[in-house]
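No experiment lies behind these values; they were computed from the predicted model shown. Keep in mind that the numbers below use all heavy atoms, side chains included, and drop hydrogens, waters and symmetry copies. Index from 1, following the sequence.
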Amino acid sequence: MKNIIFFTALILVNFKSLAQHIPNNRVLDITELSEYLNEDTKQRFQGDSKVISSETLAAYFREQFSNGFFYNWENNDARFEEYAALYEEKDAHITRALDHQNKYKANTVWQLPFNYKNGEAVDVYALRHLARQHKMVDVAMQYYYTGKDTLKVNYFKEQLKSLNAALTNNKVETIESGNGIYEVFRSGYRILNWLQIHNLYLGSEAYSDEDQLLTIATLLQHASDLYETNDAFQAGNHQTRGMSALAMLSILFNDFKDADAWRERALDLLEQHLNKEINKDGFQFERSVHYHMSDIENYFYVYQLAQNNNVKLSANFENKLRNLFSTLVKIAYPDKSAPVFSDDTDTPWAESNDISGTLTLGYLLFEDPEMGYFAKSNVSSKIYWFLKKEQLDKLKTIKSTKPSFGSLQLPETGYYVMRGGWDKNDAMLVISAGLDAEKPDHQHGDMLGLQIFANEKVILPNYQVRYSLEDLELFKNSQVKNVALVDTLLQGVDYKSNKGGSGFGKFGSLPQPETLLFDSTDSLDVYIGKHLGFEENGVEYSRQVLFIDTDFWIVKDNFSSANTHNYKQVWQGHYTLEEAPQLLRSSFDNGSGLDIYQLQEVDTVSLSGKRGKEWAMPKVSDRTNFSFVTAVVPFKTYLDRIDETSSKLNIKDWSVVYTPTEKAGIKTIQLNRGNKSYFFNVINTTVSNLEFNFNEPADVLIEKGLRDITIRSLSTKEISFTYQDSDSNKTAVTKTLKMGASIKIEMKK
């Protein structure tokens, strides 16, 4: 067994490279490998002899991999049989493998411009995927599906050699072009894939001792290059992927002289990423489920190999990794999927994220029954190859507990969850109100944007994207979000594609959001926030969201300006306009639906769409100040909808009452049920003989008790009001209420 290695992370912003022995600008000849072994390993091999044969060295590393890799390669055949039985992936693997082989020669080129085998030009997006070598894993799977066709092994060997030759001849795409083959993310991704392939081919007669050692020599050069080019922290998932790979190589090849330096560098940088990029609330700083789960993978590979090889990681590493899993539980919909946030890219145009595979992995690592609630009987087909049999056997008896999380906030990341429960028909809304200060590259124009799940459906969706699609900019920006807009302005401005031209792009600026209040009780959740996206055009904006009785929402969008503007809301989904502009309705295949009812009158509503997705835009024109007051009402059945045929408006079991005010264009909206009343834009009202007068239109909840009245402010700022008994001559009492605060007023007996 290898010696136990204790590592204490040193949190350093910058540090110089220690001199390496293994070069980063060329691949060692396999006859040189023994020269770079550490002294203990050399002594173990040769004693007084100065020569270690290729046969001896290859046999040694095969043994090391059988014990130290994610699983024992000697079980490859049995593993593959089980894999083929568990996963219906054969067609997908072969399709991707053929795609790669039909496009690229084994002895391919690694610098643009060059052509596919059919003569068409290779673009930058394809080059980046060639650099990752992820479809070479499919070629390795094709090897097994086709009865171990050795041509597949030869194809891998020749493609690896072609990269080494290109490196020697300085004919690889460089970092400066934006498409560098040895860029930290692509290099790290390639290492992961080549490690898996190397392990899959061990034992194959077509993969000789010399072939195996050449792969190892190539991986050592990759490690040396990652070490040389990553001597300081760089924000983002690219370095995390590369340092994950460097840590793996340092663990698997700790017999070489530079392994200790690699491990120290990799774990130090990974620790910095954990501390700087995993927010205190547990979410990955890029605010995307896709990148959150990708980071989980990066840390998992290191965590798993460290356990397999008795490398001691810090408690912080393990705690942060565990929190990454549990945070997915916090944001999950009742159907066990997750909302779409920013650059989620796995399934373009999808309206939710599949998190079951990731949480199945979390369950295997930590055996948390709340993670087990999401777990499936199998891990994802990709992760299967990185777990030991005894871990996989745990999925035969999963311990499952329904999560206990209710409404909650992730304040550092800026996600706010209003949850009705975990049953399949329960409703849930999530608000996006965050902007990463360091690297907002993957963020979308969705400040204060909403998503809603109810009755087993995502009823107010956001959409996944794909970088290579020409309308990526549209789907990243606020026209395709559930937000409010001014005139023709969008939240994201100054969009630029990346230097490499692969399709990915980011906004030059996005609005800075500010959450003013988040509060949750059994009968009411309240969110109040604002952003500065329209201030340059002289418009102040804020949004209030109320979740009433875990049943429906009131969304109030407030605009204020000295000049006239057009104000709009955007609601994603397929709506009909029979009762427009006041009522929008969508319905789903299970008979449930969503009503969006404008309680304050609007001028018009229009429909737009792209890629099979649609959105509706209620609008008012030429206003200085205006507030949309919108009831967002899920219904389970037709009878539960807002009854548009009734002469009296009711929302669920709340009656709606309108009262004109002295201010032009503003009316007080009142929702009443029993002893509770919600007021919007109220200036004066009487409740149980108490007259209330507000200094300006206010939003409040008033609840009558037997001998008191409780009034709670729901407004976006401090309010002031007076009250007095209408049956007496007593002087009016003046009170002020801060946002969200309440007071109880005793009534005379």
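Note that Arg543 lies outside the cation-pi zone of Tyr541, set by a 6.0 Å cut-off to the ring centre and a 45° limit from the axis. For Lys336 and Tyr373, the positive end sits near the middle of the six-membered ring, less than 6.0 Å away and at most 45° from its axis. A cation-pi arrangement is present between Lys667 and Tyr658, with the terminal nitrogen or guanidinium carbon under 6.0 Å from the aromatic centre and inside a 45° cone about the axis.
Here Asp549 pairs with Arg673 in a salt bridge; the nearest charged N to carboxylate O distance falls below 4.0 Å. Salt bridge Arg712/Asp519: present, at least one basic N to carboxylate O contact under 4.0 Å. Ionic pairing of Glu367 and Lys394 is present here: one or more N-O contacts between side-chain nitrogen and carboxylate oxygen are shorter than 4.0 angstrom. Residues Arg641 and Asp643 are paired through a salt bridge, judged by an N-O separation under 4.0 Å between the basic side chain and the carboxylate. Salt bridge annotation for Asp368-Arg322: present, with a cationic side-chain nitrogen under 4.0 angstrom from a carboxylate oxygen. Under the 4.0 Å criterion applied to side-chain N and carboxylate O atoms, Asp589 and Lys457 are assigned as salt-bridge partners. With respect to the salt-bridge test (charged N to carboxylate O, under 4.0 angstrom), the residues Asp423 and Lys402 qualify.
Nearest heavy-atom pair across Gln582 and Val602 is OE1-N, 3.4 Å.
Asp344 CG to Asn353 CG: the interatomic distance, rounded to the nearest 0.5 Å, is 4.0 Å. In this structure, the separation between OG on Ser352 and OH on Tyr463 is 12.5 Å, given to the nearest 0.5 Å. Rounded to the nearest 0.5 angstrom, Gln512 CD and Lys530 NZ are separated by 11.0 Å. Distance check, rounded to the nearest 0.5 Å: CG of Leu328 to CD1 of Ile296 gives 5.0 Å. Between Ser337 atom OG and Glu351 atom CD the span is 10.5 Å, to the nearest 0.5 Å.
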side-chain hydrogen bond (donor to acceptor under 3.5 Å, both in side chains), that's the test. Do Asn298 and Thr240 meet it? Break it down for me.
CA-CA 7 Å; Asn298 291 332; Thr240 313; 5.1 Å; no
Using side-chain contact (heavy atoms from CB on, under 4.5 Å), reason through Tyr299 and Leu324 one step at a time and then give a plain yes or no.
CA-CA 10 Å; Tyr299 297 118; Leu324 281 166; 4.0 Å; yes
Apply the test salt bridge (charged side-chain N to carboxylate O under 4.0 Å, His left out) to residues Lys439 and Asp436: give CA-CA distance (whole Å), side-chain angles for both, the deciding distance (0.1 Å), then the verdict.
CA-CA 6 Å; Lys439 191 173 178 286; Asp436 184 74; over 6 Å; no
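Judged purely by distance below 3.5 Å, without hydrogens or angles, the side chains of Asp343 and Tyr467 pair a donor atom with an acceptor atom. Checked by atom type, the side-chain pair Gln569/Asp557 shows a donor-acceptor distance below 3.5 Å. For the 3.5 Å distance criterion, the side chains of Glu578 and Thr576 qualify, holding a donor opposite an acceptor. A donor-acceptor contact closer than 3.5 angstrom links the side chains of Ser404 and Glu370.
Within 6.0 Å of CD on Glu718 lie more than 12 heavy atoms contributed by other residues, nucleotides or ligands.
Using modelled atom types, no side-chain atom of Gln451 and backbone atom of Lys481 make a donor-acceptor pair closer than 3.5 Å. Side-chain atoms of Gln464 never come within 3.5 Å of backbone atoms of Val340 as a donor-acceptor pair (strictly under, hydrogens ignored). Proximity of a side-chain donor or acceptor of Asp595 to a complementary backbone N or O of Ile642 within less than 3.5 Å is detected. Judged purely by atom type and a 3.5 angstrom limit, His531 uses its side chain to pair as donor or acceptor with the backbone of Gly533. In this structure, Tyr363 contributes its side chain and Lys399 its backbone to a donor-acceptor pair below 3.5 Å. Asn482 places a side-chain N or O within 3.5 Å of a backbone atom of Pro461 that can act as its donor or acceptor partner.
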